[in-house]
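Notes follow the structure.
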There are 2 protein chains.
Amino acid sequence: MAEKVTIATVARHAQVSRQTVSNVLNAPHIVREETRRRVQEAIAALGYRANQAARQMRTGRSRLIAVRIEPTRDGINGSVLDRFLHGLTETADAAGYRVLLYTARGDDHEIATYDDLLGAYDLDAFVLTGTKHGDPRTAWLAEREVPFVTFGRPWDAPEAHPWVDVDGAAGTAQATRRLLDTGHRRIAFLGWPAGSGVGDDRRTGWRTTLAAAGLDGAAPDRATEDGIAEGEREMRHLLARDEPPTAVVCASDSLALGALQAVRDAATPVAVIGFDDTPVAAAVGLTSLSQPLAVAAARCVELLTGLLDGHPTDPHVLLDPTLVLRHTA
Amino acid sequence: MAEKVTIATVARHAQVSRQTVSNVLNAPHIVREETRRRVQEAIAALGYRANQAARQMRTGRSRLIAVRIEPTRDGINGSVLDRFLHGLTETADAAGYRVLLYTARGDDHEIATYDDLLGAYDLDAFVLTGTKHGDPRTAWLAEREVPFVTFGRPWDAPEAHPWVDVDGAAGTAQATRRLLDTGHRRIAFLGWPAGSGVGDDRRTGWRTTLAAAGLDGAAPDRATEDGIAEGEREMRHLLARDEPPTAVVCASDSLALGALQAVRDAATPVAVIGFDDTPVAAAVGLTSLSQPLAVAAARCVELLTGLLDGHPTDPHVLLDPTLVLRHTA
DNA sequence: CGGCAGGATTAGATCGTTCAAGTTGCTGGA
DNA sequence: TCCAGCAACTTGAACGATCTAATCCTGCCG
């Protein structure tokens, strides 16, 4: 077993004091060029790594970011979080931060977990995925001035805190335009009940695009809970109309998959576009809107490191999804 | 801003020394009952939390476990990792450990990351998902006596290190028996090319079960890379035989999904069973073998905490998957 | 040639915890 | 009576970094 290499070992090896080694690491500009080089050589030669715990004790900063990992809500959308996490870990890594996971059952438990993580581990920042109306978690964090970012806008107060989000309306608008461009005129929307910020946003993009094309009059629009069975049922409703739609934009891949099953029996082909570009969509050839999760994750990290290192950037980032064309539209 | 509560604050409040407070936390049995109660009340009243960094500096243990998060290999199986991670985080939490994520491109980079994590963060243990033939990573860790567990057996040396795995053979055996029980006699297997431990294992369960039923003679068996298109293609090959199979056991949900597409056009109905019980399987009603990921994760944590706290358990855990019956079999 | 500014470097204290080595007070056996 | 032995608790040092304040040069100005 090799001896433990501390800052003192490096200092001795490079014939300088501990503090100079520390300066080479944290404030290189105040160290003379030649000394710096000598220290850096010693660091490389000895394979020295600054002990994070000791550093943290002195500075009060852990270079750790916490992210909640949820219990894979509906499954089909679960892999969204998966990809987001990967992007987050990678970008954080590059910025010198590491990602710590936590779980929580309920808001109270989650807040207790914040308290614990902050108290015991001196966590630097939190990333929350999804917020809801009057979220107690963001209030708690804001009150204590703990840096955090949410992936997902706070719909009731868009300026409340830093966030990164994907522009759902821009996505469905893009999908709708694509359908208009390929000749469709009766374009339906299959979404969630009004009241969810994300769902309403996605519906808006479809509606405004149709309106801009002068087609909003009788645009068929249905709302249901998320799910494949639900999607199929509602799509059958749409197909049973006098003038059934020739295309449908869906608020999720689950709904789109259901719709796809319904249109299989239809007399004329019906175009279907989903949302989230889940692996399932890729698997069955469903055209879908892909969220730039890696970019979103990177922006979250940028926002946080900006806050932590004192050079804040624009705290509200809205990203456009991209339409991935496959067989169904 | 409240004053920072340290062990000294608690000690003063409870009229004891720092060390006694420390003992209440780490070795309660050596503290007199009444003193212990007084200290615990002080801890609760002040909301004291032991500073992990300071503790770590003294003990050299961080109560942190690292897990690699992969770049969502093929997508359709991505959510397996997702669920595993969630289980891991939850069990680790209960055992007083936290989960740190890391990514790596290539084995060399991964080993460099180990070095960094161990050097800078004093990581207590690693969880690796999947190992391959002559894995340099496990060798590196073993050489340095770093505690680790793999989720997935080391196929070439089953005793080499602690692992937790799901018994693929038992799974496909169960699936095959189910098909035999429901009257099927021509049961095919659709799997991966020989050489992958997991794939061979899954094939074995099917073969031995057929053999035990005296049906192994002309059991049709095909091998291909994983993927929906590949599954569909190979299934069409099987269906084109003189005596086409009436059922097929697949090594993955991707292959099963492909098979499902192929049998849709078949003259007579063909039963299909997949493996992994991915969200897609649930979505399309595919019967599939479900891996007990939460249990597997829990066992990984148990193994590690056992190693770390000095009461090791049986280091090789093999879990049975369960057959989730849906429409397709 | 003395003094002084200021850049480069160093020594000592400190963060919050646990370890090692005491100290105290009590019991009981010779 | 005395002290060994033990349980319960306390004190000082140490972990490895950074912060603060002091020291050492070196060059330049008056």
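A note on names: the letters A, B, ... follow the listed sequences, proteins ahead of strands, and every chain is numbered from 1. Not measured: the values here are computed from a predicted model.
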Note to self: Output one letter per nucleotide in nucleotides 14-27 of chain D: B when a protein non-hydrogen atom lies under 4.0 Å from the base, S when only the sugar-phosphate is that close, - when neither is.
What the structure shows: BBBBBB--------

Notebook entry, point to check: With distance as the sole test, does T89(A) use its side chain to make a donor-acceptor pair with the main-chain N or O of L101(B) at under 3.5 Å?
Noted result: no

Checklist line | For H161(A), ring-ring contact (aromatic ring centres under 6.0 Å, His included) partners two or more places apart | finding: F148(A)

Next item on the list: Would you please name every residue forming a ring-ring contact (aromatic ring centres under 6.0 Å, His included) with W155(B), sequence neighbours left out?
Entry: none

Under 3.5 Å, which donor-acceptor pairs link side chains of residues 290-307 of chain B to any protein atom two or more places apart or in another chain?
| unit_1 | atom_1 | unit_2 | atom_2 | d |
| --- | --- | --- | --- | --- |
| Q291(B) | NE2 | D276(B) | OD1 | 2.7 |
| T305(B) | OG1 | V301(B) | O | 3.0 |
| T305(B) | OG1 | E302(B) | O | 3.1 |

Contacts table for residues 26-34 of chain B: side-chain donor-acceptor under 3.5 angstrom, sequence neighbours left out:
| unit_1 | atom_1 | unit_2 | atom_2 | d |
| --- | --- | --- | --- | --- |
| N26(B) | ND2 | S22(B) | O | 3.1 |
| N26(B) | ND2 | S22(B) | OG | 3.4 |
| E34(B) | OE2 | R38(B) | NH1 | 3.2 |

Next item on the list: Please work out which residues in residues 92-99 of chain B have a non-hydrogen atom less than 4.0 Å from an atom of DNA chain C and list them by number.
Entry: none

Check: Can you check whether R55(A)'s main-chain N or O pairs, donor with acceptor, with T59(A)'s side chain at less than 3.5 Å?
Finding: yes

Margin query: Going by ring pair (Phe, Tyr, Trp, His ring centres under 6.0 Å), F126(A) matches just one of W140(A), Y114(A), F151(A). Which one?
Written below: Y114(A)

Checklist line | Salt-bridge contact R83(B)-D82(A) (side-chain N to carboxylate O under 4.0 Å) | finding: no

Next item on the list: Keeping the roles fixed (side chain from E110(B), backbone from R137(B)), state whether a donor-acceptor pair exists under 3.5 Å.
Entry: no

Note to self: Taking the side chain as everything from C-beta on, heavy atoms only, tell me whether L308(A) gets closer than 4.5 Å to R61(A).
What the structure shows: yes

Note to self: Would you call the rings of W163(A) and H316(A) parallel, tilted or perpendicular, taking 30° and 60° as the class edges?
What the structure shows: tilted

Item checked: Axis deviation across the helix from dC1(C)-dG30(D) to dA30(C)-dT1(D), five-pair ends, to the nearest 10° -> 70°

Item checked: Terminal contacting nucleotides, 5' and 3', DNA chain C versus chain A (heavy atom, 4.0 Å) -> dA8(C) to dG16(C)

Margin query: At a heavy-atom distance below 4.0 Å, what parts of residues 27-46 of chain B sit against DNA chain C?
Written below: none

Next item on the list: State plainly whether the residues R98(A) and D116(B) are in salt-bridge range, i.e. N to O under 4.0 Å.
Entry: yes

Next item on the list: List in numerical order all residues of residues 114-124 of chain B for which some heavy atom is under 4.0 Å away from an atom belonging to DNA chain D.
Entry: none

Margin query: Can you list everything that forms a side-chain contact (heavy atoms from CB on, under 4.5 Å) with D156(A)? Sequence neighbours excluded, please.
Written below: H133(A), P154(A)

Next item on the list: Would you please test Q56(A) and Y121(A) for side chain to side chain donor-acceptor pair (under 3.5 Å) and show each step?
Entry: CA-CA 9 Å; Q56(A) 170 180 346; Y121(A) 289 86; over 6 Å; no

Checklist line | ring-ring contact (aromatic ring centres under 6.0 Å, His included) partners of Y48(A), counting only residues at least two apart | finding: none

Next item on the list: Please answer whether the main-chain N or O of G87(A) pairs with a side-chain N or O of T91(A) as donor and acceptor at a distance below 3.5 Å.
Entry: yes

Note to self: Less than 4.0 angstrom from a charged side-chain N to a carboxylate O is my criterion; do E90(A) and R105(B) meet it?
What the structure shows: yes

